[in-house]
Structures are given as structure tokens and as C-alpha cells.
Amino acid sequence: MDIWFHPAKELNLLLKKAAANLPDFDNSFDPMIRPADPKFGDFQANGILPFAKSKKANPRSVAELLVKELHNLDEIDDTLIESSIAGPGFINFKLTPKFLHKWLLKYNNADSLKEAAGTFYNGKKIVIDYPSPNTAKQMHVGHLRPMVIGEAIQRLLRFCGANVICDNHIGDWGTNFGILIYGIKSENYNLDTPTENPLEDLERMYKAGSAKVKENPAIADLAREELVKLQNADPENMSLWQKITDISTAAFEKMYKIMGVTIDVTLGESFYRDKVERIYKELSDISLAQIDKGALVVFFKDDEKFKEQPFIIRKSDGASNYASTDLATILYRVEHFNAEEVIYVTDARQQDHFQQLFLTVGKWFGIKKYKMPDMRHVWFGTILGEDGKAIKTKSGEPIRLKALIDEAVLRAKKIVLEKNPDMPADEVQNIAQTVGVSALKYADLSQNRSGDYVFSWDKLLAFDGNTAPYLLYAVARIHSIFRKAQISLDKDFSAEASAPETEQEIALARKLLALPSVFELALSELRPHYLCTYLFELAGLYSSFYNANKVIVEDTAVMARRLMLCARTLRILEAGLRLLGIEPLEKM
RNA sequence: GGGGGCGUAGCUCAGUGGAUAGAGCAGCGGUUUUCUAAACCGUUGGUCGCAGGUUCGAGUCCUGCCUCCCCCGCCA
């Protein structure tokens, strides 16, 4: 019998195969394999109950027939998998220590795990759109989520075999540049000799300009003129715009580096400014779009939700908007990158926009016979202020991302020093940097992305419980064991180590084998918090094992057995942390 | 008015129609001559917003209601 990477998936197939051999079963039977409570087994099949009900049969006797047939199959080795029937008619499956051992020998490092996980996506071409900030604005706490969630998802997709392109669709074009350029000119601000924080200056000038535009129509006209000049490629305004973009990009890149955000291409809205005409023409030609109240809009008369909510794809003043560029963008991604799937990582408020976008693309691509990509909007809730309202740039004091990171690192440093009074200063700084930043990221990733949450320093910078430092600590302790024993983490244990024996060894090994089911779940919903929960539980089981079962012992057989478990736990914890965008430490 | 989301322990949150609803924090009580105690073990704590319904089985699905947040034509 093969040692399957993903036992739940294989069992599901084999149960169907067994059922097909039995006259009492038919196609309506779905095994419904799920990970089980460890006290019952590794997996459970829930499907017998509804099936027996529909056939008016006794679930337990139906289950007995199926289990017997399953174990008659050549693919099943009774010394590797045990089945039992429990309760009203559940089938419980338990992987034996022998199976656990063989699996751990086979999937012994990140490469072998990645190779096996690659079958989930099999090279599917996916463009993922994140974090897509707007230029000329400083990053604040609101940018945390798209960065960390987008990064975790793209890494997970890549690990599971997708051919991913991270496309940073920055907001670098639009009406606000008229106001900003007006603001810069009215202050005679020199972009060539920028101050320490030029983005702060740009933001200030935009705010000042925006306030003036609101109260003075004459200034509004001036701002509009600047915008028209920019759109007509006036050299002076284009040069200003380019400098704004360069300043913003430089500042963003610094932040991406700190936050571990990796980007393949940056094709902002400005890139699509000459590509929207084709959109207007095509959508008009196929009568999908029409002029209404001066604007070009798409109606969805046959859609229950949007029948009275059109999608504006060109403003009545002739200018493009979010919808125009998003339509041009998705076409480009399909035509140029051959995207088979496009994933957008943005906040929840944009759900209507993306539903309308997807509806429009569905009709448009259908009529034009363009290759239809899968489209997913991965949305997340808002980070709220103490008042329960969204933290906004304009009102109140937004917490800058930089300040948040600095505070996190400072707090981490205090703890590192406390725990390691004799550590050299540069090492303290390195560890504090990783601990602080990863705590920040993990706090966001470990929550189900679809909820809002209230910002609090203590919450985002928590270092206890289900946090990055807890996981990093588990990793550091494993490294310490191997340092102490002077054994390589990549040592081949196949000759020396035997199957797990103690309660803690077995519990830990079983958890390690749950990884593929976690990938499957996290991928199906693109929710990184499932991976966080798993890693936390894994680290918890490791800590229990570590406490109860000493690794470096006289008995070489016991030591080899436990060292192998440590090495495998380390590899999975490290791989998992890296998927979350967290670089593990060897010491802390 | 239409739509989306949220509501689970004192707090912050997990929970794929499945078995006695779980963690962390906080609280209480333990564990260190032993591989990193940033740890481990034990323990207290529940009207899963309310009311119906579907189901062998509902925190999970459906209907209605309540609280709060968000979106609903020229912002992104």
C-alpha cells in the first residue's frame, strides 16, 4: 500500500470504490470524510447516516458492509489503517503508528512536502492583486490586512503548485492628482529635494488642496485644469506625477521589505489609461454598456441584486474610474499573462464592485469568446478605531504602519533583553525585529478575515497564546536540541528511528499528518487563519511532547525516534510560518 | 427601502450539518539538580443575540425579528 500524502482524500476515493463494488450502494453515496476528534481517530466518514436514511436501511449494518469491502481492497493494508464503526453509524479511521512513521520518513522536508502539495493546483496560472495601495499617501494600519493576507495567500498558492503572479495594482492615476499637483505648485514644493518623509508632505498638500477646492470653486477649477493637463501629457505635470510615483514607490518598497511582501509586477491604474478606450468600445459594440445620465453604464436587469444598481464604467465627464481600469486590467491579465484565475485581495466594502465586475466580465468575455478566468474576491473586514468606526485617513489620527512596527519591535526588544540579559546587542535587535513584526502579522492572519476588529496595541502586539512568538519559540527550542546533540536536521533516520510510541509522540505525529487537510481547507476558502490554528495546535502538542518526553537520552533508539519527530515538526512549523510570511529564527 | 457582514465563556476569538461547543488571555492551584519556564499540567467559567422551521442530528442550513458595522451612479 502506498503512503499517501493526503490520506483523507485517498480514503474518500477508496470508500467510493468499495461502495461501487456493493449492490447495496449507488452513486448517491458520498463518504463525507472529515478530520476527526483525535479521541475517535484521524478521520471520520459521516456519509453513512444520510445514505442509510435515504435507503431506509440500518446505518450500522450498512457501515459494516462498507468497512468489510474497504478492507478487501488491495489498496488498504490493515496494519496501516484501522477502521471502526461508532455511535449511530460513523466510520472512524485511525492511521497506525506504522503509517505515521512511514509518512514521516517520506515527507521529510519542505521540498518533499511542496512537491506533494503541488498537485492541489498543478501549475494553474493565477494572478493575485494585492496590496495595491494608493500613491502619495503614507501607509497606515489599514494597509496591514491586504499586505499580510495577500502575501500569505500567494505563498500558500505557490506552495500548492500554482503558477502565481503578484500584481500590485497601485492607485496612481485619477482626479485626486489634479488637487495634489495644484497643492504642490501653490506651495512651490520641490520634489527633487524631498524631506525626510516626503509622503507626509504630499499627504499634507493634498489635504490642504482638497480643503481649498471644497470651499472655493475657483480653486476647484484650477485643480481640474491641472488634471486635464496631466491627462493630456503636459510635460511639467507628467514630470511631477512621475516624481510622486517614484517617491511613493520607494517608500512602499521599504515597507514591503520590512513586512516581507513580495511583488512580481506593479501595473497601476496609470498603466491602463490608454487601454480603457477599447473597453468602452467593446462593451458598447456588444450592447452590454449604454449611455445613461451621461455616463457609460452596464445594467444587470436579470440580476436580482443589481437590477437597479448599474456599474458605471465611464463617468459623465468622460473620465475613467475604478470600474474602467479594472475591466481593462482583467483583460490584460488574461491576454498578456494567460491568467486562468484572478484573485483580488481588498476590504469588504468593495464586494458590490467586484460582484458587478465579475458579472460584467462573465457576459463580455462570453460574447467575445475570450477565455474565461476564475475570479475570486478575497475580502476582509475593517480595522476599527476605539469608537467602533473604521480608522480613516481623513478624520482622527490614523496609526501609521511604521509607528505600529516600531512599537512592536520595541516591545519585543524589551522581552528579548529580559529573557537574554547577556545577548549581544545586534542579535537582540535581529530577534526583536522578527518577533515584533511577526507578532503583528500573525495577529491579523490568525483571525478569520471576514470579520471587523477593533484596533488595540495590546491585541496586535500580543506575545502570549496563539501568537507568532509562541510558534517561533517552539522552533527555536527544536533548533537548540539539534545544536546540543550535534545532529543534522536533515539526518536520514530511516535505519535508526522506529514508529512513535508514547502518547505524546503519537499525538504529535498524527497532527503532523493533518497538514494536507489543512492546506485543502485553507485553499478552498483562501483563509490563512486555518493554517495559523493548525500551527498553534501543532506547536502546543510539540510543547507537551517536549515536556513529557526527553529527547536527548541514553537509549539511542528512543533518542532517534524522538529526534526524527522533532526534525519533522520543525520542518512543518518552519514551512507553515514561511507560508504566513514569517521567517523563523534558530535562536530566541 | 435593497444588499452584505457581525453577534459563541469576564475579555479576544476558533469551530467543514456529526459524537459531551473549544482555545488563548484574565482568575485560581501546581511543575524547574533534567534538551530554552517566551514552557508544561490541572481547574473555574456557556440561554452559541431572540423566536420559529428543516433534519436521524443545527453554533453551523431556512424564515422572521433585534443590536452594531459597511455598501447601494459618476471615490477607490
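Values in this document were obtained by computation on a predicted structure and should not be read as measured data. So that the names make sense, note that chain A is the first sequence line, chain B the second, and so on, each numbered from 1. We use all heavy atoms of the structure for the numbers below, so side chains are in, but hydrogens, waters and symmetry mates are not.
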(Q) Just the rounded figure in Å: distance from P of B/rC13 to CZ of A/Arg527. (A) 15 Å
Q. How many Å lie between CG on A/Asp555 and P on B/rU34, as a whole number?
A. 22 Å
Q: Compare the minimum distances between each of B/rU12, B/rG24, B/rC72 and the side chain of A/Phe536, then state the nucleotide with the smallest one.
A: B/rG24
Q: Give one of base, sugar-phosphate or nothing for A/Asn92, where a contact means two heavy atoms less than 4.0 Å apart.
A: base
Q | A/Gln355 CD - B/rC71 P separation (whole Å) | A | 15 Å
Q: Record whether the side chain of A/Asp352 comes under 3.5 Å of the base of B/rG4 through a donor-acceptor pair of N or O atoms.
A: no
Q | Nucleotide nearest A/Asp452 when distance is taken to its side chain, options B/rC69, B/rU16, B/rC74 | A | B/rC69
Q: Between B/rG4 and B/rG64, how far apart are the P atoms? Round to whole Å, please.
A: 11 Å
Q: Let me know the distance between CG of A/Leu49 and C1' of B/rA58, rounded to the nearest Å.
A: 15 Å
Q: Check every strand shown and say whether A/Lys39 touches a base, only sugar-phosphate, or nothing at a heavy-atom separation below 4.0 Å.
A: nothing
Q) Checking all strands, does A/Asp303 fall into the base, sugar-phosphate, or nothing category for heavy-atom contacts under 4.0 angstrom? A) nothing
Q.
With heavy-atom distances below 4.5 Å as the criterion, would you say the side chains of A/Cys566 and A/Val551 are in contact?
A. yes
Q: Just name whichever nucleotide pairs with B/rC28, Watson-Crick or G-U, keeping both distances under 3.5 Å, else none.
A: B/rG42
(Q) Please give the distance between the C1' atoms of B/rU12 and B/rC6 as a whole number of Å. (A) 15 Å
Q.
Between B/rG27 and B/rA9, how many Å separate the two C1' atoms, rounded to a whole number?
A. 13 Å
Q.
Would you say A/Lys459 places a side-chain N or O within less than 4.0 Å of OP1 or OP2 belonging to B/rC13?
A. yes
Q) Which value, in whole Å, describes the distance between the C1' atoms of nucleotides B/rU32 and B/rC69? A) 49 Å
Q. Where the side chain of A/His529 is concerned, which of B/rG4, B/rA76, B/rA14 is the nearest nucleotide?
A. B/rA14
Q | Nearest-0.5 Å distance, OH of residue A/Tyr530 to CZ of residue A/Arg527 | A | 6.0 Å
**Q.** Length of the NZ-C1' vector between A/Lys53 and B/rG18, whole Å
**A.** 15 Å
Q. Side chains of A/His529 and A/Leu445: closer than 4.5 Å at any heavy-atom pair?
A. no
Q. Contact class for A/Pro35 (heavy atom, under 4.0 Å): base, sugar-phosphate, or nothing?
A. base
Q. Any idea which of B/rA76, B/rA14, B/rC35 is nearest the A/Thr533 side chain?
A. B/rA14
Q: Would you indicate which nucleotide in B/rG18, B/rG5, B/rU55 comes nearest to any side-chain atom of A/Gln44?
A: B/rG18
Q | Centroid separation A/His143 to A/Phe252 less than 6.0 Å | A | no
Q.
Using heavy-atom distances to pick each residue's nearest nucleotide on RNA chain B, tell me which of A/His353 and A/Ala36 is more 5'.
A. A/Ala36
Q: Provide the distance between the two P atoms, one in B/rC62 and one in B/rU54, to the nearest whole Å.
A: 15 Å
**Q.** Rounded distance in Å - CG (A/Asn46) to P (B/rC56)
**A.** 16 Å
Q) Do A/Tyr344 and A/Arg376 come close enough that some side-chain heavy atom pair is under 4.5 Å? A) no
Q: Find which nucleotide of RNA chain B each of A/Gln447 and A/Glu269 is nearest to by heavy atoms, and output the residue with the more 5' nucleotide.
A: A/Gln447
Q. Just how far, in rounded Å, is P of B/rG3 from CZ of A/Arg349?
A. 22 Å
With the criterion being N/O to N/O and under 3.5 Å, what pairs connect the protein with nucleotides 36-39 of chain B, and how long is each?
unit_1	atom_1	unit_2	atom_2	d
B/rU36	OP1	A/Ser480	OG	2.2
B/rU36	OP2	A/Ser480	OG	3.2
B/rU36	OP2	A/Lys484	NZ	3.2
B/rU36	O2'	A/Tyr473	OH	2.6
B/rU36	N3	A/Met588	O	3.0
B/rU36	O4	A/Met588	N	3.1
B/rA37	OP2	A/Arg477	NH1	2.8
B/rA38	OP2	A/Lys419	NZ	2.8
B/rA39	O2'	A/Arg477	NH2	3.0

**Q.** Note, A/Val475 side chain near A/Ile478 side chain (heavy atom, < 4.5 Å)
**A.** no
(Q) Check A/Lys305 with A/Asp352, please: is the shortest side-chain N to carboxylate O separation under 4.0 Å? (A) yes
Q) For B/rC61, what is the paired nucleotide under Watson-Crick or G-U wobble rules, both distances under 3.5 Å? A) B/rG53
Q.
At less than 4.0 Å, is any side-chain N or O atom of A/Tyr534 found next to OP1 or OP2 of B/rA14? Yes or no.
A. no
Q: Compute whether any side-chain donor of one residue and acceptor of the other, for A/Asn549 and A/Thr502, lie under 3.5 angstrom apart.
A: yes
Q) Mind checking the P distance from B/rG15 to B/rA23? Whole angstroms is fine. A) 15 Å
Q.
Can you tell me which nucleotide in B/rA19, B/rC35, B/rA76 comes closest to the side chain of A/Lys550?
A. B/rC35
Q.
Mind checking if A/Glu537 touches a base, just sugar-phosphate, or nothing, with heavy atoms under 4.0 Å?
A. nothing
Q | Lys/Arg cation over aromatic A/Phe463: A/Arg411, 6.0 Å, 45° cone | A | no
(Q) Suppose we define a pair by two distances each less than 3.5 Å, Watson-Crick or G-U wobble; what does B/rC68 pair with here? (A) B/rG5
Q) Between A/Gln504 (CD) and B/rC41 (C1'), how many Å, whole number? A) 11 Å
Q: Salt-bridge test for A/Glu505 and A/Arg561: reply yes if a basic N is under 4.0 Å from a carboxylate O, no otherwise.
A: yes
Q. Base, sugar-phosphate alone, or nothing: which one does A/Asp292 contact when heavy atoms must sit under 4.0 Å apart?
A. base
(Q) Please find the pair of heavy atoms, one from A/Lys459 and one from A/Val454, that lie closest to each other, and give the distance. (A) CD-O, 4.3 Å
Q. Can you tell me how far C1' in B/rU43 sits from the matching atom in B/rA26, rounded to whole Å?
A. 14 Å
Q.
Give me the distance, rounded to whole Å, that separates B/rU44 from B/rG52 when you measure between the P atoms they each carry.
A. 32 Å
**Q.** No-H, no-angle donor-acceptor pair, A/Lys293 side chain to B/rG73 base, under 3.5 Å
**A.** yes
Q: Please determine, for the side chain of A/Phe40, which listed nucleotide (B/rG24, B/rA19, B/rC56) has the closest atom?
A: B/rA19
Q) Counting any heavy atom closer than 4.0 Å, what does A/Ala548 reach on the DNA or RNA strands: base, sugar-phosphate only, or nothing? A) nothing
